[in-house]
Amino acid sequence: MKKIFTVLFLMMVLTACGSNSTNKDFNSDTTNLETTKKDTNSEEKTEHNYQFTGESEHWEAVYSYEGTELWGENDEQTTHSSKDSYELVLKYKGSLKELSSMKNLEYTYETTKRN
């Protein structure tokens with residue numbers, strides 16, 4: 001579900017920032033890597049690595065997610081811990097001279113935060 005919202009967000013951001021905001025001018029790509037390993041202590045570790053890339057006429061974006069889940073057992077109870085991080089990198093494809101007349105450039109994005 002995160003992937004869908006992230007891709008939709010990137011499409012909206014990138015297409016809204018270009019002078020021609022038709023979807024035919026938007027290119028995107030998704031890279032997913034998910035691995036699960038079991039060790040000798042009956043712990044199971046799952047690593048999630050997702051990268052969403054996209055571009056429009058004026059902007060490029062890369063949204064990366066890395067997460068690790070650790071499942072195990074302690075006194076016959078299942079244990080779980082997780083750690084994750086997000087990063088969004090936006091890059092303007094033109095020259096800095098083109099942006100010099102701008103007084104302020106703002107952008108926002110949201111992700112889901114697991115507790």
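Index from 1, following the sequence.
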> Do M102 and W59 belong together in a cluster built from hydrophobic side chains that touch within less than 4.5 Å?
Replying inline: yes
Return the minimal non-hydrogen interatomic distance between [X] and [Y], and the atom names on each side.
X   : Y   : value
L90 : A61 : CD2-CB, 3.6 Å
E66 : N49 : CG-OD1, 3.2 Å
E47 : K45 : OE2-CE, 3.2 Å

>> Quick check: do Y92 and L105 have side-chain heavy atoms less than 4.5 Å from each other?
In response: no
>> Can you confirm whether E43 sits close enough to L70 that some side-chain heavy atom of one is under 4.5 Å from a side-chain heavy atom of the other?
In response: yes
>> Quick check on L96: does its CG atom have over 12 non-hydrogen neighbours (other residues, nucleotides or ligands) under 6.0 Å away?
In response: no
In Å, rounded to the nearest 0.5 Å, how long is the span from [atom1] of [X] to [atom2] of [Y]?
X   : Y   : atom1 : atom2 : answer
Y63 : Y50 : OH    : OH    : 11.5 Å
K93 : E55 : NZ    : CD    : 3.5 Å
D84 : Y65 : CG    : OH    : 4.0 Å
E69 : S82 : CD    : OG    : 6.0 Å

> Does the pair N104 and E106 meet the rule for a side chain to side chain donor-acceptor pair (under 3.5 Å), with working shown?
Replying inline: CA-CA 7 Å; N104 194 19; E106 292 183 19; 2.8 Å; yes
> Short question: side chain of K91, backbone of V62 - any donor-acceptor pair under 3.5 Å?
Replying inline: no
